Amino acid sequence: MKNKPARFRKNLLSWNETSNKRSMPWKGVKDPYKIWLSEIILQQTRVEQGRKYYESFLEAFPAIGDLAKAGDESVFKLWEGLGYYNRCKNLLKTAREIYFEKGGIFPDAYEDIIQLKGIGPYTAAAMLSFAFNKPYAVVDGNVFRVLARIYGIDTPIDSTEGKKYFTDLAHQNLDKKLPGVYNQAIMDFGATVCKPAKPECNNCIMNSFCAAYLNGLVNHLPVKDNIIRKKIRHLTWLKISAGNKVLIYKRTANDIWQNLYEFYLVEKEEKTDWNIESVKDFCNHVFSMNPQQINILPKTEQQLTHQKIKAQIIEIDFTEAPGTLHAQQWVEEDVLKQFAFPKLLAAYLDEP
DNA sequence: AACACGGGGTA
DNA sequence: TACCCAGTGTT
């Protein structure tokens, strides 16, 4: 009787050869640049959501030098809508570091690769196994779930102890001769068979030795003890125009949507019901100027992981730029779409 | 160790 | 609504 890691490994690779139908453009690719790009895009992002971004990035920047030499705004524009924009900032930083300081060559040692911005333990292991065929086990959401169930581990996966435990377990299970194939297979298995909800236990080739299945714990594993608190924010964006120019600001604060653009923002603690009179009063009070025209759009909402955004856009036309206004950048209406905006504003620009 | 960071899919 | 997704960086 083989030990459990060996049994799991054998079954996983067998499933991979006979039943794994998952197809992705970066699968089997060895080019470190493409592996890296795909892994950054896929952090906390579903494969189906990331796929088109991978294609468009590769089309715009076929090699790392193309990305390294690109301007910030054009890269953020390509990233627009994908979320977690810090990834984009770090993508650029690392591309430039590799291209301009390391001769365009990705490091292939864990200690070197982990130091690059945007690359943590998961991405480092992915690059080392996929691009360099080195025996590092990836530990992502799929791996936590599969191993927690197969081995019946209830240590919280978001605890320090849990991360260490599952990393060690993942390494014990890894096929050291085929690390890339194994890593790809366990993630595909987690995504298509050992799914978070309604896993395919009845058709699972592991069910004869899966601790969670045998003990009726499938829906209780893995354990996560992180509690997310959501706060509500009330945002009003004043789209201020003067002539054919529109006022925009780049978000720089340590907050959501950093490095993206927005209109003049008014944030309040409580919900506000704007009307023509209150907008006029606001303009006269804050800008010392009477608006020529006001258009109050319907309220909209967006759910983020830690925040619920209640937003409203108000279009305001002035005959000329208010002198008292702290202006950052006036741009022509028809070049607005060259800038990257948060989803809510991008949707407005697409469908005003 | 705890928390923030987006947008979309699923139940 | 609540949870999750090829996680990482900051405090």
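Sequence lines set the chain letters: A, B, ... in the order given, protein chains first and strands last, and positions in each chain run from 1. Remember, it's a predicted structure, so these values are computed and weren't measured experimentally.
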Nucleotide C:dC3, atom C1' - distance to CG of A:L221 in whole Å: 16 Å

When you check the phosphate oxygens OP1 and OP2 of C:dC5, does a side-chain N or O of A:R145 lie under 4.0 Å from one of them? yes

A:N90 side chain, from C-beta outward: closest of C:dG9, C:dA6, C:dT11: C:dG9

Once you apply a heavy-atom cut-off of 4.0 Å, does A:K27 come out as touching a base, just sugar-phosphate, or nothing? nothing

With a 4.0 Å cutoff (strictly under), does any side-chain N or O of A:K89 reach OP1 or OP2 of C:dG9? no

Which value, in whole Å, describes the distance between the P atoms of nucleotides B:dG6 and C:dT11? 15 Å

In plain terms, say whether A:D72 and A:K89 are close enough for a salt bridge, that is, a side-chain N and a carboxylate O under 4.0 Å apart. no

Report yes if a side-chain nitrogen or oxygen of A:T123 is closer than 4.0 Å to either non-bridging phosphate oxygen (OP1 or OP2) of C:dT8; otherwise report no. yes

Indicate, with a heavy-atom threshold strictly under 4.0 Å, whether A:D255 touches base, sugar-phosphate, or nothing. sugar-phosphate

Hey, is A:E73 close enough to A:K250 for a salt bridge, meaning N to O under 4.0 Å? yes

Want to settle it: does A:A191 or A:G118 sit nearer the 5' end of DNA chain C, counting the closest nucleotide to each? A:A191

Under 4.0 Å, heavy atoms only, any strand: does A:W26 hit a base, just the sugar-phosphate, or nothing? base

When rounded to whole Å, the CG to C1' distance for the pair A:N254 and B:dC3 reads 11 Å

Where each residue is assigned the nucleotide of DNA chain B containing its nearest heavy atom, which of A:D158 and A:K231 is assigned the position nearer the 5′ end? A:D158

Atom C1', compared across B:dA11 and C:dA6: separation rounded to whole Å: 22 Å

Residues A:T123 and A:Q43: side-chain donor-acceptor under 3.5 angstrom: yes

Give a yes or no answer on whether the side chain of A:S278 reaches the backbone of A:W274 with a donor-acceptor pair at less than 3.5 Å. no

From CG of A:L42 across to P of C:dC5 the rounded distance in Å is 13 Å

Which nucleotide in the set C:dT10, C:dC5, B:dC5 lies at the smallest distance from any side-chain heavy atom of A:P196? C:dC5

Check this one for me: any side-chain N or O of A:Q307 less than 4.0 Å away from OP1 or OP2 of B:dC5? yes

Applying salt bridge (Lys or Arg N to Asp or Glu O under 4.0 Å), run through A:R233 and A:D255 and close with a yes or a no. CA-CA 12 Å; A:R233 293 175 71 172; A:D255 194 0; 2.9 Å; yes

Regarding A:K4 and the six-membered ring of A:F209, is the cationic atom NZ or CZ under 6.0 Å from the ring centre and inside 45° of its axis? no

Phosphate OP1/OP2 of C:dA6 contacted by A:N142 side-chain N/O (<4.0 Å): yes

OP1 or OP2 of B:dA4 versus the side-chain N and O atoms of A:H306: is any pair under 4.0 Å? yes

Could you tell me the separation between the CZ atom of A:R87 and the P atom of B:dA4, rounded to a whole number of Å? 18 Å

Protein-nucleic acid N or O pairs under 3.5 Å, nucleotides 7-10 of chain B:
unit_1	atom_1	unit_2	atom_2	d
B:dG7	OP1	A:Y85	OH	3.1
B:dG7	OP1	A:K343	N	3.1
B:dG7	OP2	A:W257	NE1	3.2
B:dG7	OP2	A:Q302	OE1	3.1
B:dG7	OP2	A:Q302	NE2	2.6
B:dG7	O5'	A:Q302	NE2	3.3
B:dG7	N2	A:Q49	OE1	3.3
B:dG8	OP1	A:K343	NZ	2.7
B:dG8	N2	A:R46	NE	3.0
B:dG8	N2	A:R46	NH2	2.8
B:dG9	N3	A:R46	NH2	3.4

Proximity to the side chain of A:N86 - top-ranked nucleotide from C:dG9, B:dG6, C:dA6: C:dG9

Only one of A:F57, A:Y54, A:Y33 passes ring-ring contact (aromatic ring centres under 6.0 Å, His included) with A:W26, and that residue is A:Y54

For DNA chain B, whose closest nucleotide is more 5', that of A:K195 or that of A:R229? A:R229

Could you tell me whether A:M127 contacts a base, only the sugar-phosphate backbone, or nothing, with contacts defined as non-hydrogen atoms closer than 4.0 Å? nothing

Where the side chain of A:E101 meets the backbone of A:R96, is there a donor-acceptor pair that is under 3.5 Å apart? no

Rounded off to whole Å, could you give me the CD-to-C1' distance for the A:Q43 and B:dG6 pair? 13 Å

A:R149 atom CZ is separated from C:dC4 atom C1', nearest whole Å, by 12 Å

Phosphate OP1/OP2 of C:dA6 contacted by A:R22 side-chain N/O (<4.0 Å): yes

Interatomic distance where NZ belongs to A:K230 and C1' belongs to C:dC4 [whole Å]: 12 Å

Phosphate-side-chain proximity, A:K117 and C:dT10, N/O vs OP1/OP2 below 4.0 Å: yes

Under a 3.5 Å distance rule, please check whether A:R149 uses its side chain to pair with a backbone N or O of A:L221 as donor and acceptor. yes

Counting any heavy atom closer than 4.0 Å, what does A:S159 reach on the DNA or RNA strands: base, sugar-phosphate only, or nothing? nothing

Roughly how far apart, to the nearest Å, are C:dC4 and B:dC5 at atom C1'? 15 Å

In whole angstrom, what separates A:L91's CG from C:dG7's P? 16 Å

